[in-house]
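Before I ask anything, let me first share the structure, which is written out below as structure tokens.
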Amino acid sequence: MSREFSKIKESLASWSEIRQLLRGGEQGQLVPVVIPKDRRGFAWISLIFLALYAIGTLNPFGIAIGLLLMLVALVWMWRRAIIEIEEGTTGVRSRWGAITGVLPPGRHYLWLPWDRVDAVVDTSTEIPYSAPIVACPTAENVPLKSIEFFLKFRIVDPVAFVRTIGAGNFDLVLSSAVQDAIRQRGRRVNTERAYDLRGSDVGDMQDALNRQLGRYGVRVTGANIPDVQLPDQYQQHLATREKVAKELSAYEREWELTRKRRIDTLSMEIERAKKTRDARIVEVKASLNKAKKDVARMLEEHETEAQRVRWEIEARGRAELTAAENEAKALRRLADSYRDNRAVLQYELARRRLDVGAKLAESAPQPLVVRTRGNGEDSALSTLLLAQLLPRIAANGKEPH
């Protein structure tokens, strides 16, 4: 980065050198104003005097020489009177040292010797100006290593520029104004954000410079801060911070990629789980529908079976009821007949009593009389025989002889 201010100056040169100085400068310095050397003089007046003298001799040869000298003097005066102002520049015209106006680009004729061009000013070119400010303090009073300020300006009023300040004085005024503007801007910036000055908006600084330089016929057309350099120690600190920030950014990007990868994996698993869940839901719904159909069919079967059982029970009940009713009717008729035929009932009752008595008599025990002799031996023998015969007698129901 350049460590020197651009220099603005005005030069004294011949008309043939004006174009080169305005476009290329002189020894690295900017030359917006060139004071042309006056190439006109009064030598042609001596030729006129000689011509008049030769004509005054009334000698034909002298008259011829005088006329020739007069013609040479007029051509000389015509050539010296031609002023050519280059395109993009403006000539400042003066008479007897007082500025009377400007000359636009083109050819002009200044016949009188005291009517001349004091300066040729470049009014179309935007002149670049570089101003590196060293040790500019920040808001924390930390002196920055340097701030480079670049601007472009154009001379819009050549008369005001030449009459008021001139190129040499303008260089001092412009450098002072630029330094003041840069230092004011640096005072409003924290050191850690000093790099933000590079490429920042400097429209307010440009407006302030235009207000200061406007009375000199100069307008700033553009400005920026191309570079800012911090102190070496602070620059190392920022480099460390930048390195940490880059590592942090790399970690953040890596974590972001990992997070996205995990999110994608979880999303895929979620989608897979959703598909599995949907498939299971379909299976469950199918099973549920099948179970509903089976339950409905079972309920229909049970209802049919219950209806059949109910019908059987009702049929059996109706049959038993009919039978009971018939039996009750028969008993009622029998009771009526028994009531009407009481004698028959009494006879039947007496007959049944007799039958019962006969059955009871048949099953009643019968006495057995055994006659024996009077001695003891016959008694023992008869007892033994009786014991053997009694079961047979009881089984046959016959009486012994």
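Residue indices begin at 1 and follow the sequence shown. Any value given below was found using the heavy atoms of this structure, including those in side chains, with hydrogens, waters and symmetry copies removed.
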Pairs meeting criterion ring-ring contact (aromatic ring centres under 6.0 Å, His included) with involvement of residues 139-191, two or more places apart:
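Only Phe153-Phe170, Phe161-Phe170 qualify under ring-ring contact (aromatic ring centres under 6.0 Å, His included).
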Pairwise distance OG1(Thr258) to CZ(Arg261) - rounded to 0.5 angstrom:
4.5 Å
Tell me which pairs pass salt bridge (charged side-chain N to carboxylate O under 4.0 Å, His left out) where either residue lies in residues 275-285, with sequence neighbours left out.
none
Heavy-atom check, side chain of Ile313 versus side chain of Arg316, under 4.5 Å
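Of all side-chain heavy-atom pairs linking Arg316 with Ile313, at least one is under 4.5 Å.
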Taking salt bridge (charged side-chain N to carboxylate O under 4.0 Å, His left out) as the cut-off, I'd like each qualifying pair that reaches into residues 294-306, sequence neighbours left out, listed once.
Asp294-Arg297, Glu305-Arg308
Starting at CG of Leu151, measure out to CD of Glu126 and round the result to the nearest 0.5 Å.
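Separation between the atoms: 11.0 Å.
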Report yes if the side chains of Val121 and Val162 come closer than 4.5 Å at any heavy-atom pair, otherwise no.
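When only atoms from C-beta onward are counted, Val162 and Val121 do touch, with a gap below 4.5 Å.
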Does the Ser176 side chain pair with the main chain of Leu172, one donor and one acceptor, at a distance under 3.5 Å?
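No, because the side chain of Ser176 does not come within donor-acceptor range (under 3.5 Å) of the backbone of Leu172.
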What donor-acceptor contacts under 3.5 angstrom involve side-chain atoms of residues 320-327, with partners at least two apart or in another chain?
unit_1: Thr322; atom_1: OG1; unit_2: Arg318; atom_2: O; d: 2.6
unit_1: Asn326; atom_1: ND2; unit_2: Thr322; atom_2: O; d: 3.0

Where do Asp264 and Ser267 land on the side-chain hydrogen bond (donor to acceptor under 3.5 Å, both in side chains) test, with the steps shown first?
CA-CA 5 Å; Asp264 294 339; Ser267 299; 5.1 Å; no
Return the minimal non-hydrogen interatomic distance between Gln206 and Val220, and the atom names on each side.
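Shortest heavy-atom contact: NE2-O, 3.2 Å.
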For Arg188, all residues meeting salt bridge (charged side-chain N to carboxylate O under 4.0 Å, His left out), sequence neighbours excluded:
Asp204
Run the numbers on Val202 and Arg185 for side chain to side chain contact (heavy atoms under 4.5 Å, CB included), then give the verdict.
CA-CA 9 Å; Val202 292; Arg185 171 58 65 90; 4.0 Å; yes
Is there a side-chain contact between Val156 and Val218 in this structure, where contact means two heavy atoms from C-beta onward sitting under 4.5 Å apart?
no
Sequence neighbours excluded, the answer for salt bridge (charged side-chain N to carboxylate O under 4.0 Å, His left out) partners of Arg93 is Asp115
Less than 4.5 Å apart, any side-chain heavy atom of Leu213 and any of Arg219?
no
Report the distance from atom OG of Ser130 to atom CG of Asp227, rounding to the nearest 0.5 Å.
10.5 Å
Residues at least two apart in sequence or cross-chain that pass side chain to side chain donor-acceptor pair (under 3.5 Å) with Arg163, listed by chain then number, are none
List the atom of Pro128, the atom of Leu30, and the distance in Å for their closest heavy-atom pair.
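Answer, listing the atom of Pro128 first, then Leu30: O-CD1, 3.0 Å.
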Those residues that, when tested against Ala177, pass side-chain contact (heavy atoms from CB on, under 4.5 Å) (two or more places apart):
Leu209, Gln212
Go through the structure and list residues passing side chain to side chain donor-acceptor pair (under 3.5 Å) with Arg259, not counting sequence neighbours.
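With neighbours one apart ignored, the set is Glu256.
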For Ile8 and Asp171, work out which heavy atoms get closest and say how close.
N-OD1, 3.1 Å
Please confirm whether the backbone N or O of Asp122 pairs with a side-chain atom of Thr125, one donor and one acceptor, at under 3.5 Å?
no
Atom of Glu148, atom of Pro226 and distance for their closest heavy-atom approach:
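Distance-wise, the nearest heavy atoms are O-CD, 3.0 Å.
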Would you indicate whether the side-chain heavy atoms of Ile182 and Met205 approach each other to under 4.5 Å?
yes
Spacing of OG1 belonging to Thr221 relative to CZ belonging to Arg154, to within rounding of 0.5 Å
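CZ of Arg154 is found 7.5 Å from OG1 of Thr221.
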Quick check for you: to the nearest 0.5 Å, what is the distance between Leu257 atom CG and Glu254 atom CD?
8.0 Å
Can you find a pair of side-chain heavy atoms, one from Thr89 and one from Thr123, that are under 4.5 Å apart?
no
Of all residues at least two apart in sequence or in a different chain, which pass the side-chain contact (heavy atoms from CB on, under 4.5 Å) check with Arg215?
none
Taking only residues two or more places apart in sequence, or in another chain, which ones meet Thr276 in a side chain to side chain donor-acceptor pair (under 3.5 Å)?
none
Val173 versus Ile165: any side-chain heavy-atom pair under 4.5 Å?
yes
What residues form a salt bridge (charged side-chain N to carboxylate O under 4.0 Å, His left out) with Lys274, not counting sequence neighbours?
none
